[in-house]
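Since the structure comes first, as C-alpha cells, the remarks are kept for the end.
In what follows, chains are A, B, ... by sequence order, proteins preceding strands, each numbered from 1.
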Amino acid sequence: MRLNEQQDKAVKTIEGALLIIAGAGSGKTRVITNRIVHMLEMGIPQSQILALTFTNKAAKEMQERIRELTGKKLQNLSISTFHAFGVKILRQDIETLGWRENFSIYDEVDKNQLIKETARELGLKTEGLDIYKIANLFSNIKIGRWTWEASNDAYKQLYDEVEAGLKLYNAVDFDDLITLPLRIFQEFPEVKEKYRERYKYIMVDEFQDTSIQQYHLMKAIADQNVAVVGDDDQSIYSWRGANYENILMFERDFPNVMEIRLEQNYRSTETILAAANGVISHNTNRKDKSLWSGNGSGKPIEVYMPEDEHDEASFIAEMIQSLRMSEGRKFGDFGVLIRANTMTRAIEEAFLAENIPHSISGGTSFFQRKEIKDIISYLRLISNHDDDINLLRIINTPRRGIGKKTIEQISAISTSQKCSLWTSINALIAASESPLSDRAKADLVEFVELIGKQRSLLLSGGKGLSKKVRAMVDEINYMDYLMAEYQKNEKAARFKFLNIEHLLSGIDSWENNPDTFDSGLYAYLNRITLLSRDDMEDEEGLLGKVNLMTIHASKGLEFPVVFIAGAEDGLIPHARSVEEGDGNIEEERRLFYVAITRAQDKLFISSCRRRRKMQTVVECTPSPFLDEIPENLVSYHEPKGAISDAEAIDFLAKMKNRFVM
DNA sequence: CGTCTCCAGGTTTTT
DNA sequence: CCTGGAGACG
C-alpha cells in the first residue's frame, strides 16, 4: 500500500521541527518507521538518530519493522523508551552526581519497602500509614507535579530520608531515570553537549503521553530536527504526569514547526469509527479533527449484558470459538480489553475451560513474582553490595538462621554510622568484640562468603551468564527451598519452578541475541527492571493466541475483533479515577475511545448486571459512555447457546472441503 | 532467637 | 488466590 499525501510528506520532511497529529489508525507507526528508513537512505548515520517511545513493546516493534524494511543490522540506531534512554545516560554519567556506576533500579515494590523501612527507623507508626498513597505523593513531588503544602507537609522528612536512603544504597527509582539525567544536564552542560552533538535527529512517539520532565529531557538534547507524533484524543497517562499540553509547549518552543495531520483511518470500519467519534466528541478539551475511513460500514457493534463476570467470560470464550468456525478467524485475531488487571481471572478461567490459547499482557509483571524477585535480588546485591533493600529480601531466603534480632543489630550500626547494611555486617564480623552470638556471626560470615564467591563468578566476564546464574540458583538451594515452602501446594511449587526456568532461558536468549553487545551482569540488570511480562513473550507465540490485556496496554495495537469487557459505571469510567478529579472523566472517555479504536472489523462491548467485588456481589449499571455511541450503530446481543447447529454444520463442511482438496 | 502457622487484606492504569 | 505480617511455638 502506498503512502498517502500527508504520510509521504511526514516521511520526507526530516529537517526542522515537525508536529504530526496522527488520529487513531492513521498509519502512524508506518510513518515513523518509513521516516527512519528514509533518513538512513539519505545517508544519515544510525548513530545520529534517536527515537523515543513510550513502551518497550513499541520500541521493539519499531526496531523490527525497520530491520525488515532495510535488511540491515541496526547496531547504532537508538530506539528506546524514555526510561531506558535515561538508564543509558545514567550508566555513563551518574558518577557526576555521586552515585556509582553499578547503581540499582528500584521498582515500586522495592520503593515501598524502602519507605516502610525508613518510616520504621524514623519511629513513625507504620500501621495506619497508607504506603501506596505516600509513594504516589512522593512520586508526584519528585516529578514536579505537586509541591509541599500544609496538607502533606508531614511527610517531608520521610521523603528526604527516603531520598537519602536511595543515595546511600546506590539506588535510583523509576522517576529518577528521567529527573537525574535532567539534573546532570543542568549541572554539567558539557555532558549535555555530548548528547546534543551526537543526536541530530530526534523523534518522539506517543507525544501526548510524555511528561513535562520527559519533554524537558528531549528538549535539552534536541537541536533542530525534532519530530513529535501524537494524538491528544489518545492521552491516557495523565496520572503518570503525562501532559498533552506538551503539544502547545512544543509549538511555542519550536516556532517554525510544520504541522501535518493524518486523518484517514485505515484500520476500522465506518461503524466503529463513527462510534468512536460519537464518544470522543463529548470531550470539550480537544483539538478538533475529522477522522474518516474508506473501509465500508461493516457490521454493527454488539452490546451484551451478561448476568455476571462468569457469564461475560463464557460469552467471550464461546463467541471466539464461534467466530473461528463461522468466519475462519484465528486466535490471534482477537483482542480482549479490560480496565483493570484484576479482571483477567474470570476470563482466563473461561479460556482454560474452552481450551483457548491466550496471552496476558501486564498483570503482575513477571519480574514482580516473588521467586523471580528473590533471584534478581541476589544478582542485585552481588552487583551492588550497598543495596539494602535487596539485601534484606534475601539475607534469610532461603533460611540460613539470620533472623529479626540479628538484623536489628546490624541495622542499628547502619543507622548510627550512616552506612549500608553490608558495611555494617562486615564491621560486625571483623570486630573482636561484637554483640552477636558466635552462631549468628558464623551465619553472617557464611552469607558474606557466599555473596563474595558468587560475585567473582558472575562478574568474571566471558559468555554464559545464564549458566552462571543457574549455578548460583543451585548453590543457594533455591529449588529445595521452593519445594519445602510449598510442599502443600505442589502446583504452585511447580509453577514457580517453571518461572525460574523461564527466567534462565530469558537470560540465555538475551545474551545470545546479536543485538546485545554487553552481555554482562550489570547490563542485564539495568535492562530488566524496565521490562514487563509481555516483553518476555516470544513473538511467534503471540500470533496464535487471543490477546487479553488492559486498555492501557493495548495502545498502538489493533485486532480484527475486539471485546471490551466490563463496560460498567465505576469501571469505565473508573470510580477511583473520578474520585480524584473532574478532569479525569475526560481522560476516562479517551480511554474508552482508545479501546473502541483498536477494532478493525467487529466490536463487542459487554456490561455485567452484577459483578463480584472483593467478597460481595454488587449490582452494576452500564457505562454512561455507552449512551454516547449513536444508537443506530448498535445491536443488542441476545443470549444464546454456544454454537448454533447451522454454524457447526457449516464448519464441518468447510473442514471436509479442505481434506478433499 | 529463629521458624512456623494462621489471618487479614487486596490497592486502576505503567516505566 | 497470594502475599506479608503478627503472634505462637520450639
Side-chain angles (χ1 to χ4, degrees), chain A residues 53-59 80-87 105-109 111-113 116 126-127 130-133 135-136 139 143 173-178 206 209-211 213-214 236-242 337-345 348-349 361-365 367-371 373 393 396 398-409 436-437 439-440 443 484-486 488-489 491-492 495-496 528-535 549-555 566 570-580 584 587-588 590-591 594-595 613-615:
Chain A
T53 63
F54 195 67
T55 60
N56 293 302
K57 213 178 204 163
S80 75
T81 61
F82 268 100
H83 287 83
F85 183 60
V87 172
I105 303 170
Y106 279 5
D107 67 15
E108 232 96 280
V109 181
K111 181 87 187 282
N112 288 351
Q113 208 72 31
K116 262 189 242 170
T126 41
E127 56 201 279
D130 187 340
I131 296 294
Y132 204 76
K133 265 208 178 114
N136 194 332
S139 173
I143 64 174
D173 63 21
F174 277 144
D175 296 323
D176 288 329
L177 298 179
I178 309 297
E206 306 286 6
D209 284 328
T210 51
S211 66
Q213 305 272 337
Q214 287 169 332
I236 53 176
Y237 283 91
S238 72
W239 50 275
R240 247 186 68 186
L337 309 185
I338 50 182
R339 177 63 228 268
N341 285 309
T342 44
M343 295 162 65
T344 51
R345 180 148 298 146
E348 225 190 331
E349 276 167 15
S361 311
T364 358
S365 148
F367 292 100
Q368 313 246 49
R369 309 204 97 95
K370 195 175 150 13
E371 60 278 15
K373 272 209 92 125
R393 173 179 286 277
N396 203 30
R399 316 239 135 74
R400 49 174 71 89
I402 304 173
K404 219 159 89 193
K405 264 274 135 55
T406 311
I407 292 172
E408 256 167 38
Q409 284 168 318
L436 294 174
S437 67
R439 177 71 189 277
D443 290 335
E485 202 77 348
Y486 295 93
K488 287 197 193 113
N489 191 347
K491 235 184 183 169
F495 183 62
K496 281 159 196 285
I528 216 162
T529 320
L530 301 175
L531 293 184
S532 47
R533 161 175 169 168
D534 44 311
D535 297 317
M549 66 184 78
T550 63
I551 301 173
H552 283 88
S554 76
K555 203 168 60 146
L571 276 171
I572 307 177
H574 202 284
R576 254 195 151 89
S577 166
V578 178
E579 240 169 59
E580 273 168 22
N584 289 342
E587 172 144 327
E588 293 289 313
R590 288 193 292 269
L591 197 53
V594 167
K613 246 186 162 183
M614 306 280 202
Q615 313 296 20

May I have the distance from [X] (atom [atom1]) to [N] (atom [atom2]), rounded to whole angstrom?
{"X": "A:His83", "N": "B:dT15", "atom1": "NE2", "atom2": "C1'", "value": "4 Å"}
{"X": "A:Glu371", "N": "C:dC1", "atom1": "CD", "atom2": "P", "value": "17 Å"}
{"X": "A:Leu591", "N": "B:dT12", "atom1": "CG", "atom2": "C1'", "value": "10 Å"}
{"X": "A:Asp173", "N": "B:dT14", "atom1": "CG", "atom2": "P", "value": "18 Å"}
{"X": "A:Ile407", "N": "B:dG2", "atom1": "CD1", "atom2": "P", "value": "8 Å"}
{"X": "A:Tyr486", "N": "C:dT3", "atom1": "OH", "atom2": "C1'", "value": "8 Å"}
{"X": "A:Phe174", "N": "B:dT13", "atom1": "CZ", "atom2": "C1'", "value": "15 Å"}
{"X": "A:Lys370", "N": "C:dC1", "atom1": "NZ", "atom2": "P", "value": "19 Å"}

Could you work out which one of [options] sits closest to the side chain of [X]?
{"X": "A:Ala340", "options": "B:dT12, B:dG2, C:dG5", "answer": "B:dT12"}
{"X": "A:Lys116", "options": "B:dT3, C:dG5, B:dT13", "answer": "C:dG5"}
{"X": "A:Gln113", "options": "C:dG5, B:dT13, C:dT3", "answer": "C:dG5"}
{"X": "A:Lys405", "options": "B:dT13, C:dG5, B:dC1", "answer": "B:dC1"}
{"X": "A:Arg240", "options": "B:dT15, B:dT12, B:dT3", "answer": "B:dT15"}
{"X": "A:Arg576", "options": "B:dT15, B:dT12, C:dG5", "answer": "B:dT12"}

Looking for any heavy atom pair under 4.0 Å, which part of the strands does [X] touch: base, sugar-phosphate only, or nothing?
{"X": "A:Lys133", "result": "nothing"}
{"X": "A:Thr55", "result": "sugar-phosphate"}
{"X": "A:Thr406", "result": "sugar-phosphate"}
{"X": "A:Arg399", "result": "sugar-phosphate"}
{"X": "A:Lys496", "result": "sugar-phosphate"}

Would you indicate whether the side-chain heavy atoms of [Y] and [X] approach each other to under 4.5 Å?
{"X": "A:Ile551", "Y": "A:Ile338", "value": "no"}
{"X": "A:Asp443", "Y": "A:Thr406", "value": "no"}
{"X": "A:Glu485", "Y": "A:Lys496", "value": "no"}

Strictly below 4.0 Å: does [X] bring a side-chain N or O up to OP1 or OP2 of [N]?
{"X": "A:Asn136", "N": "B:dT12", "answer": "no"}
{"X": "A:Asn396", "N": "B:dT3", "answer": "yes"}
{"X": "A:Thr550", "N": "B:dT14", "answer": "yes"}

**Asked** Is the aromatic ring of A:Phe82 within stacking range of B:dT15, meaning centres under 5.5 angstrom and planes under 30 degrees?
**Response** no
**Request:** For this output row, return yes or no: ring centroids of A:Phe174 and A:Tyr106 closer than 6.0 angstrom.
**Result:** no
**Pair A:Leu337-A:Thr550, side chain to side chain contact (heavy atoms under 4.5 Å, CB included): steps then yes or no** = CA-CA 5 Å; A:Leu337 309 185; A:Thr550 63; over 6 Å; no
**Asked** Nearest nucleotide by nearest heavy atom, which residue falls closer to the 5' end of DNA chain C, A:Arg345 or A:Lys404?
**Response** A:Arg345
**Whichever of A:Gln409 and A:Glu485 has its nearest DNA chain B nucleotide further upstream toward 5'** = A:Gln409
**Asked** Can A:His83 and A:Gln214 be said to form a side chain to side chain contact (heavy atoms under 4.5 Å, CB included), step by step?
**Response** CA-CA 9 Å; A:His83 287 83; A:Gln214 287 169 332; 3.7 Å; yes
